[in-house]
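Numbers restart at 1 for each chain; the letters A, B, ... are given by sequence-line order, proteins then strands.
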Amino acid sequence: MEFSANQIAEFLKGRVEGDGEVKVSDVAKIEDGKSGTLAFLANPKYTPHIYNTNSSAVLVNNDFKPEKDVTATLIYVDNAYEAFATLLEMVAESMYEVKMGIEQPSHIHESCKYEEGLYVGAFAYIGKNVTLGKNVKIYPQVYVGDNVTIGDNTILYAGAKVYHDCILGKHVTIHSGAIIGSDGFGFAPTDTANYKKIPQIGNAILEDYVEVGGNTTVDRATMGSTILRKGVKLDNLIQIAHNVEVGESTVMAAQSGIAGSSKVGRNCMVGGQVAITGHITVADDVKLAGKSGVSGNIRKVGAIQMGAPSFDIRDFNKSYVYFRKLPLLNDKISALEKELAELKKTTLKNTLS
Amino acid sequence: MEFSANQIAEFLKGRVEGDGEVKVSDVAKIEDGKSGTLAFLANPKYTPHIYNTNSSAVLVNNDFKPEKDVTATLIYVDNAYEAFATLLEMVAESMYEVKMGIEQPSHIHESCKYEEGLYVGAFAYIGKNVTLGKNVKIYPQVYVGDNVTIGDNTILYAGAKVYHDCILGKHVTIHSGAIIGSDGFGFAPTDTANYKKIPQIGNAILEDYVEVGGNTTVDRATMGSTILRKGVKLDNLIQIAHNVEVGESTVMAAQSGIAGSSKVGRNCMVGGQVAITGHITVADDVKLAGKSGVSGNIRKVGAIQMGAPSFDIRDFNKSYVYFRKLPLLNDKISALEKELAELKKTTLKNTLS
Amino acid sequence: MEFSANQIAEFLKGRVEGDGEVKVSDVAKIEDGKSGTLAFLANPKYTPHIYNTNSSAVLVNNDFKPEKDVTATLIYVDNAYEAFATLLEMVAESMYEVKMGIEQPSHIHESCKYEEGLYVGAFAYIGKNVTLGKNVKIYPQVYVGDNVTIGDNTILYAGAKVYHDCILGKHVTIHSGAIIGSDGFGFAPTDTANYKKIPQIGNAILEDYVEVGGNTTVDRATMGSTILRKGVKLDNLIQIAHNVEVGESTVMAAQSGIAGSSKVGRNCMVGGQVAITGHITVADDVKLAGKSGVSGNIRKVGAIQMGAPSFDIRDFNKSYVYFRKLPLLNDKISALEKELAELKKTTLKNTLS
């Protein structure tokens with residue numbers, strides 16, 4: 001496939017600056033674009049590349065103002081990143097076939113209800129009383145326990161595991177190795193210095209458009225449900241403990257974790273390796289810098305925090321500047337002590353004289 | 001099933017306060033209990049809920065003293081959490097069927113020895129010379145390598161992997177995606193700036209009542225054994241490196257890790273995302289706050305630490321208070337410097353006058 | 001098998017001190033060696049054990065100088081750790097049979113090309129247009145997606161997953177549960193406060209001699225390739241995000257992560273639970289202490305950093321000493337303020353008198 005910049009602009013309702021007839025047949029990152037490719041510019045970090053990219057055309061945001069000459073044809077759109085995503089979707093659809101049919105051997109219990117468009121890969125296991133919506137794609141070696149419900153257009157990649165009784169909405173994507181509904185970590189200490197397991201009889205519910213990354217774990221609730229609300233996006237290797245609730249469209253980067261019974265608001269952005277302690281509440285629109293450790297409620301909508309324990313990111317950064325200067329501050333204090341002692345002597349002399 | 005508060009109290013050897021004839025048929029969390037449910041109160045954080053819960057009955061500790069009127073019937077017991085766990089177990093047993101029999105296709109090498117009560121799910125793989133005790137439950141897609149021994153009543157959930165030569169005791173539970181006995185991370189630097197792999201010829205031993213969470217990894221020893229002692233409980237996504245030993249009844253929260261050859265004592269409590277460095281010893285009964293980084297031996301039994309590197313938690317918290325005030329401390333030092341300089345001038349004048 | 005110290009020394013081109021005729025038939029760690037075993041001493045932490053080990057012979061570095069009597073026979077070599085690794089390899093080869101042949105049921109698409117020495121375990125799945133080199137070992141329950149290429153002598157342990165289009169070099173080792181080529185975490189925010197998925201149409205490339213630990217995740221690139229260069233060694237539970245490049249022979253300890261599009265140099269050593277933020281560059285030979293958080297470019301070759309955000313490790317350690325003393329520093333400041341105020345009064349009196 002080959003398209004001109006004008007054709008792409010028309011499709012995206014954008015505006016062309018430069019040679020509208022230039023042709024592209026592939027996509028590329030702006031920093032390593034070649035002739036015949038289309039790139040995009042959204043992150044300002046990459047702006048310098050636009051002045052020497054070899055890509056033939058670049059999608060840019062409407063507010064982009066070049067400060068030097070640009071060789072590439074520019075296509076101005078409202079949201080260059082989103083527009084590029086739309087084009088990538090078209091490329092992806094042309095590249096990959098849609099998986100269909102039931103491969104053998106697979107294990108589908110006779111009580112399973114499913115609809116058109118189903119794919120079940122070899123060595124996948126589907127337990128009793130499972131209900132599958134339209135166009136569900138279950139890749140090889142997936143495990144779906146008893147009484148699970150999965151909505152339309154949901155994909156489970158190779159080796160994903162969903163324990164019994166869990167509920168997955170529509171357009172949900174579960175990557176390889178992710179585990180939905182494993183037992184919450186609940187043990188009651190006993191008199192004899194060991195632990196009694198608390199049976200975990202709840203489930204996990206993933207609403208529509210949730211995406212769960214590779215090897216992420218979402219525990220089932222002790223009672224009730226662990227819930228990922230509509231549009232939650234979890235990266236790889238994340239831990240969601242029992243009875244947690246994550247609000248709509250909140251995104252979490254890799255290796256973060258939320259401890260038991262905590263409630264995170266909607267539209268939050270959680271950096272990598274963040275820990276949120278148990279039994280707390282985090283307000284909507286909160287942003288947590290990577291490696292933050294949240295040890296108490298965050299009640300302020302839109303708060304931005306950093307540190308472990310975390311607090312306001314600007315305050316953290318100010319404190320950290322002085323943390324780095326602590327040896328210097330200590331020297332200053334020692335110098336002050338010495339000077340003050342000497343001054344005291346002089347003053348005493350003056351008083352006595 | 002429906003039980004009266006009196007019946008439950010009798011079963012648990014507890015004492016009823018309020019309407020002993022009230023009936024419950026389900027369990028619930030105290031904060032979202034409905035009529036006809038039984039809840040429990042153990043964590044003081046949840047005490048306010050007892051005054052307006054809709055649960056019909058609540059298990060409480062013997063030392064609980066209501067400060068306001070409580071509508072629900074109270075059942076006083078020694079340990080409300082443990083008592084509730086006992087009841088949940090009964091509920092769980094009534095809810096879930098016990099898996100039995102050997103599903104096909106599965107791979108069980110002819111040399112495998114097993115006893116009554118076995119379940120092997122489809123697509124499970126059991127290698128050569130494996131010995132399985134009574135009532136072992138091997139869910140679909142589990143892998144058990146050559147020469148593995150597994151004790152009575154042990155459960156391996158879907159997709160758990162146990163490498164060759166490992167030994168699992170009785171009543172062990174391994175959740176989906178957990179890996180027991182993968183190679184330790186051992187590489188010898190060579191002259192040519194790359195690495196030579198150190199073959200890992202030891203194994204991993206999990207004693208009775210160990211529980212391992214989803215996607216947790218327990219590496220085999222280079223030589224000898226990596227050991228999880230009786231009753232160790234590991235949450236999800238934990239890393240146990242080669243030749244580590246974790247003492248009896250120690251519990252670790254999600255995403256923590258112990259580096260090679262370290263030895264952690266018994267009855268320790270390790271928070272989430274904690275790191276314990278290699279080749280050190282941690283005493284018994286030690287508690288480590290979430291995100292701690294332990295960089296040296298902890299010799300004091302019962303020590304409670306926090307921070308990275310970690311030290312006494314009270315000292316850490318005091319230091320952290322002043323970390324947050326560092327910009328203010330810096331201002332104070334600057335003010336002192338200025339005032340002292342001025343005072344010096346005045347004193348000099350006085351001296352000269 | 002039984003060898004004399006002289007025989008081992010001859011094989012390793014080493015030099016014997018003590019009884020060259022002493023026989024060993026097994027290997028052991030120096031701290032729990034028994035008679036008839038061979039141990040090694042490389043890490044100075046373990047030096048005290050050499051004076052009372054029961055091992056019959058110990059491999060030591062040429063520069064080792066005993067400070068007391070040693071009972072064991074010493075075998076001096078250039079690199080005791082590497083020499084021991086060589087011996088362990090021989091032991092491992094004698095212990096484990098080489099897996100061969102194709103077990104059933106397995107799924108190998110008819111378009112798959114493979115060579116001699118292949119092992120495919122039961123329940124393994126190999127998609128379309130896959131190319132496998134010589135002596136490739138694919139353990140049970142492994143998933144290899146469409147269009148994957150795997151080089152000679154590469155091993156995929158039970159349950160490893162490789163998504164479509166990825167390329168694995170020669171002598172690559174992938175441990176159980178590791179995921180190569182899952183979707184990068186890319187979502188474009190839209191006007192309606194939710195996210196549009198950015199299709200990930202690139203792949204992941206693992207060059208020769210790469211080793212990937214259990215449950216580690218290596219995401220495919222949005223476009224282009226995520227690359228692990230020759231000899232990279234990744235421990236368990238590591239996250240490598242989309243479009244990352246890790247340089248030759250860099251080693252990373254467990255639970256570390258690199259965010260999207262960052263480039264880490266060669267021969268770096270990354271400690272456990274380290275986080276490297278996205279879109280940055282880390283120079284060659286850099287060392288990062290455990291739990292470091294790298295938030296900006298590290299341009300200095302050989303830099304050693306610690307902390308979150310990380311900076312020079314010696315500076316970090318100095319600052320941390322004073323962090324621990326912050327309550328004391330605060331007291332000193334308060335004392336200075338008080339003394340200065342009093343001194344001011346005295347000085348004022350002197351001035352007025």
| said: Rounded to the nearest 0.5 Å, what separates atom CD1 in Ile333(A) from atom CD1 in Ile333(B)? | reply: 4.0 Å
| task | Please check if the side chain of Gln273(A) supplies one atom and the backbone of Gln273(B) the other of a donor-acceptor pair under 3.5 Å. | result | no
| field | Contact class of Leu326(A) relative to chain B, heavy atoms under 4.5 angstrom | value | side chain
| query | Do Asn236(B) side-chain atoms and Ser182(A) backbone N/O form a donor-acceptor pair below 3.5 Å? | reply | no
| request: For Glu211(B) and Tyr195(A), test the side chains for any donor-to-acceptor distance below 3.5 angstrom and give the result as yes or no. | output: no
| note | Taken to the nearest 0.5 Å, the spacing of Lys45(B) NZ from Ser261(A) OG works out to 9.5 Å
| query | Take atom NZ in Lys263(A); do more than 12 heavy atoms of anything else shown fall under 6.0 Å from it? | reply | no
| query | Is a side-chain N or O of Asn215(A) found less than 3.5 angstrom from the main chain of Asn215(B), in a donor-acceptor match? | reply | no
| query | Going through the distances and angles, do Tyr322(A) and Tyr322(B) end up as a ring pair (Phe, Tyr, Trp, His ring centres under 6.0 Å)? | reply | CA-CA 11 Å; Tyr322(A) 293 109; Tyr322(B) 293 110; over 10 Å; no
| Asn147(A) versus chain B, the contacting section by heavy-atom distance below 4.5 Å | neither
| Hey, is Lys99(B) close enough to Asp146(A) for a salt bridge, meaning N to O under 4.0 Å? | yes
| request: Can you tell which part of Ala124(A) gets under 4.5 Å to a heavy atom of chain B, answering side chain, backbone, both or neither? | output: backbone
| message | Can you tell me which portion of Leu328(B) sits under 4.5 Å from chain A's heavy atoms? Options are side chain, backbone, both or neither. | response | neither
| Can you tell me how far the CD atom of Gln255(B) sits from the CG atom of Leu237(A), to the nearest 0.5 Å? | 8.0 Å
| Roughly how far, to the nearest 0.5 Å, is the CE atom of Met223(A) from the CZ atom of Phe40(B)? | 5.5 Å
| query | Of the options Leu336(B), Leu343(B), Leu340(B), which is the one that meets Glu339(A) in a side-chain contact (heavy atoms from CB on, under 4.5 Å)? | reply | Leu340(B)
| task | Tell me, for Asp32(B) versus chain A, whether the close heavy atoms (under 4.5 Å) come from the side chain, the backbone, both or neither. | result | neither
| field | Side chain, backbone, both or neither of Ala275(A) within contact of chain B (heavy atoms, under 4.5 Å) | value | both
| Sidechain-backbone polar pair: Gln141(B) side chain, Gln141(A) backbone, donor-acceptor under 3.5 Å | yes
| field | Donor-acceptor pair, side chain of Lys161(A) and main chain of Gly177(B), under 3.5 angstrom | value | no
| Asn350(A) versus Thr351(B), side-chain donor and acceptor atoms under 3.5 Å | yes
| note | Turns out that what part of Lys318(A) lies under 4.5 Å from chain B's heavy atoms comes down to both
| note | Okay, Val142(A) and chain B: the region with an atom under 4.5 Å from a heavy atom over there is backbone
| Do Ile201(A) and Tyr96(B) touch side chain to side chain, with heavy atoms closer than 4.5 Å? | yes
| remark: Interatomic distance, CZ@Phe123(B) vs OH@Tyr125(A), rounded to 0.5 Å, equals 8.5 Å
| field | Full working for salt bridge (charged side-chain N to carboxylate O under 4.0 Å, His left out) between Lys344(B) and Glu342(A) | value | CA-CA 10 Å; Lys344(B) 264 188 185 170; Glu342(A) 276 170 26; over 6 Å; no
| said: For Glu93(B), which atoms come within 4.5 Å of any heavy atom of chain A: side chain, backbone, both, or neither? | reply: neither
| message | If we count only N and O atoms by modelled type, under 3.5 Å, do the side chains of Ser176(B) and Tyr163(A) hold a donor and an acceptor together? | response | yes
| query | How long is the span from the NZ atom in Lys29(B) to the OG1 atom in Thr222(A), to the nearest 0.5 Å? | reply | 8.0 Å
| message | For Lys300(A), give me all partners under side-chain contact (heavy atoms from CB on, under 4.5 Å), at least two apart in sequence or on another chain. | response | Ala303(A)
| said: If the condition is side chain to side chain donor-acceptor pair (under 3.5 Å), which residues does His107(A) pass it with, not counting sequence neighbours? | reply: none
| said: For Tyr81(B), which atoms come within 4.5 Å of any heavy atom of chain A: side chain, backbone, both, or neither? | reply: both
| Is the Tyr209(B)-Phe187(A) ring centre distance short of 6.0 angstrom? | no
| query | Side chain, backbone, both or neither: which part of Val274(A) has a non-hydrogen atom closer than 4.5 Å to chain B? | reply | backbone
| query | Would Glu89(B) and Lys197(A) pass as an ion pair if we require N to O under 4.0 Å? | reply | no
